[in-house]
Amino acid sequence: MNPSIGQWLIQARDSLASGCSESPALDAEVILACALRKSRAWVLAHRSDEMEEDVLGRIAPMLARRMQGVPIAYITGFREFWSMPIKVTPDVLIPRPETELLVESALDVLPKGPVSLLDLGTGSGAIALALARERPDATLLAVDRSKAALKIAQANAKAQGIETIRFLESDWFAAIHSHDFDLVVANPPYVDGDDSALDGEVRYEPREALVAADEGLAEIRRIVAESPRFLGSGGWLVVEHGCSHGRQVSGLFAEAGMDDIAVLQDLAGLDRVTRGRIGIG
Ligand code: GLN
């Protein structure tokens with residue numbers, strides 16, 4: 001006889017606990033819910049049901065991947081961001097909770113009325129989608145130099161029924177011709193190549209979305225230096241960065257001639273986002 005759902009959950013939890021997972025019971029429930037195409041609540045309410053043969057077949061490779069350290073979001077294919085299920089594959093970074101601060105900091109300064117926004121290095125499209133959802137009157141341009149990422153971002157926009165975002169292949173500003181954005185937002189790569197954190201689960205995420213030269217500052221430096229040419233009068237730049245970068249990034253904003261510069265902290269109290277605007281005139 002096949003194991004029951006409850007028995008399978010216990011076995012899977014124990015296997016995951018001896019591996020890398022910090023949340024083995026939750027991971028087991030999420031994987032099973034995904035394989036069954038049911039909610040976690042359904043799984044927990046059906047512990048005594050017998051597992052079916054085809055489910056056992058589907059779930060074994062999912063569990064094996066998790067035991068190798070593959071992030072749960074790449075196994076289920078989704079991560080929630082701004083209360084939306086965002087499709088993810090190893091072509092895109094998995095949206096982080098701290099990036100919701102980037103979205104909030106952008107929304108806080110956006111003027112009322114129809115605004116024009118640019119999301120640089122959109123990846124899964126999570127940031128652009130959150131902004132579009134909150135500001136249906138805005139027009140957005142979301143760019144990435146990765147074609148594979150753009151495909152996923154477009155699929156996410158479609159799944160959310162969002163039609164106000166235009167997607168474009170561009171290495172930062174390279175293919176952009178508008179010069180009057182009200183706001184430019186970016187979560188660029190900012191991890192130093194020697195950072196030991198890169199040995200963890202993030203090793204499954206696209207390195208080009210994580211790692212930047214110059215102690216993680218090279219790409220931010222480019223973005224901040226080039227932004228003023230693409231912003232309209234009074235336009236804002238809002239950038240996510242590493243927790244040790246606050247002072248340097250705000251310095252770069254000042255060098256680029258920006259005003260109203262502020263470094264903002266994430267929920268862990270760490271410097272995570274810097275924003276500033278170019279003067280009105
Ligand atoms: N916050 C991510 C991490 O710690 C890095 C994201 C990025 O480089 N944009 O893994």
Side-chain angles (χ1 to χ4, degrees), residues 20-23 69-75 78-82 86-106 118-131 142-146 148-150 152-153 156 170-173 183-227 237-250 252-253 263-275:
C20 64
S21 176
E22 284 170 16
S23 49
V70 176
I72 196 94
Y74 287 155
I75 296 172
F78 286 93
R79 168 57 44 90
E80 183 152 311
F81 184 82
W82 209 262
I86 302 290
K87 173 184 153 94
V88 290
T89 73
D91 286 317
V92 298
L93 203 68
I94 300 166
R96 306 289 202 267
E98 59 264 31
T99 301
E100 294 191 337
L101 169 70
L102 182 70
V103 174
E104 279 163 20
S105 330
L118 170 62
D119 177 22
L120 292 173
T122 195
S124 66
I127 296 165
L129 287 164
L131 292 170
V143 305
D144 205 293
R145 71 174 176 189
S146 155
L150 284 172
I152 292 163
N156 276 320
S170 179
D171 185 2
W172 300 142
F173 294 102
L183 184 136
V184 173
V185 68
N187 176 18
Y190 57 71
V191 180
D192 179 74
D194 291 331
D195 193 326
S196 59
L198 293 168
D199 302 334
E201 279 187 23
V202 293
R203 70 185 183 281
Y204 289 97
E205 296 186 76
R207 203 177 157 87
E208 67 164 5
L210 284 164
V211 174
D214 189 11
E215 295 175 341
L217 280 169
E219 304 303 323
I220 292 179
R221 206 181 281 286
R222 276 179 61 193
I223 290 169
V224 178
E226 289 178 42
S227 282
L237 172 64
V238 191
V239 177
E240 181 174 322
H241 51 72
C243 57
S244 61
H245 290 150
R247 203 176 38 81
Q248 284 150 299
V249 175
S250 56
L252 294 172
F253 273 58
V263 180
L264 308 164
Q265 284 79 40
D266 62 19
L267 290 174
L270 302 170
D271 287 354
R272 185 60 64 194
V273 166
T274 294
R275 77 179 170 210

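For reference, positions follow the sequence shown, starting with 1. Numbering of ligands and ligand atoms starts at 1, following listing order. Predicted model only: the values in this text are computed from it and were never measured.
- For Asp266 against Arg272, the heavy-atom pair with the smallest separation is OD2-NE, 3.0 Å.
- In this structure the side chain of Val249 reaches within 4.5 angstrom of the side chain of Leu217, judged on heavy atoms.
- Looking at Trp82 and Pro95, their side chains never come closer than 4.5 Å, going by heavy atoms from C-beta outward.
- Taking each heavy atom of Ile223 and Ala186 in turn, the nearest pair found is CD1-CB, 4.2 Å.
- In this structure, the protein non-hydrogen atom closest to atom 8 (O) of ligand 1 is Tyr190 N, 3.2 Å.
- The proximity of Glu98 to ligand 1, defined as any non-hydrogen pair under 4.0 Å, is limited to the side chain.
- Nearest to atom 10 (O) of ligand 1 among the protein's heavy atoms is Arg96 NH2, 2.9 Å.
- With a heavy-atom cut-off of 4.0 Å, Ala209 touches ligand 1 through its backbone alone.
- The proximity of Pro188 to ligand 1, defined as any non-hydrogen pair under 4.0 Å, is limited to the backbone.
- Of all the atoms in ligand 1, the ones that sit under 4.0 Å from a non-hydrogen atom of Pro189 are 8 (O).
- Using modelled atom types, no side-chain atom of Asp144 and backbone atom of Leu150 make a donor-acceptor pair closer than 3.5 Å.
- Every atom of ligand 1 with a heavy atom of Asn187 under 4.0 Å away is listed here by number and element: 7 (C), 9 (N).
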For this session: Begin from the C-alpha positions of Arg96 and Ile94 and carry the test side chain to side chain contact (heavy atoms under 4.5 Å, CB included) through to its verdict.
Result: CA-CA 6 Å; Arg96 306 289 202 267; Ile94 300 166; 3.9 Å; yes

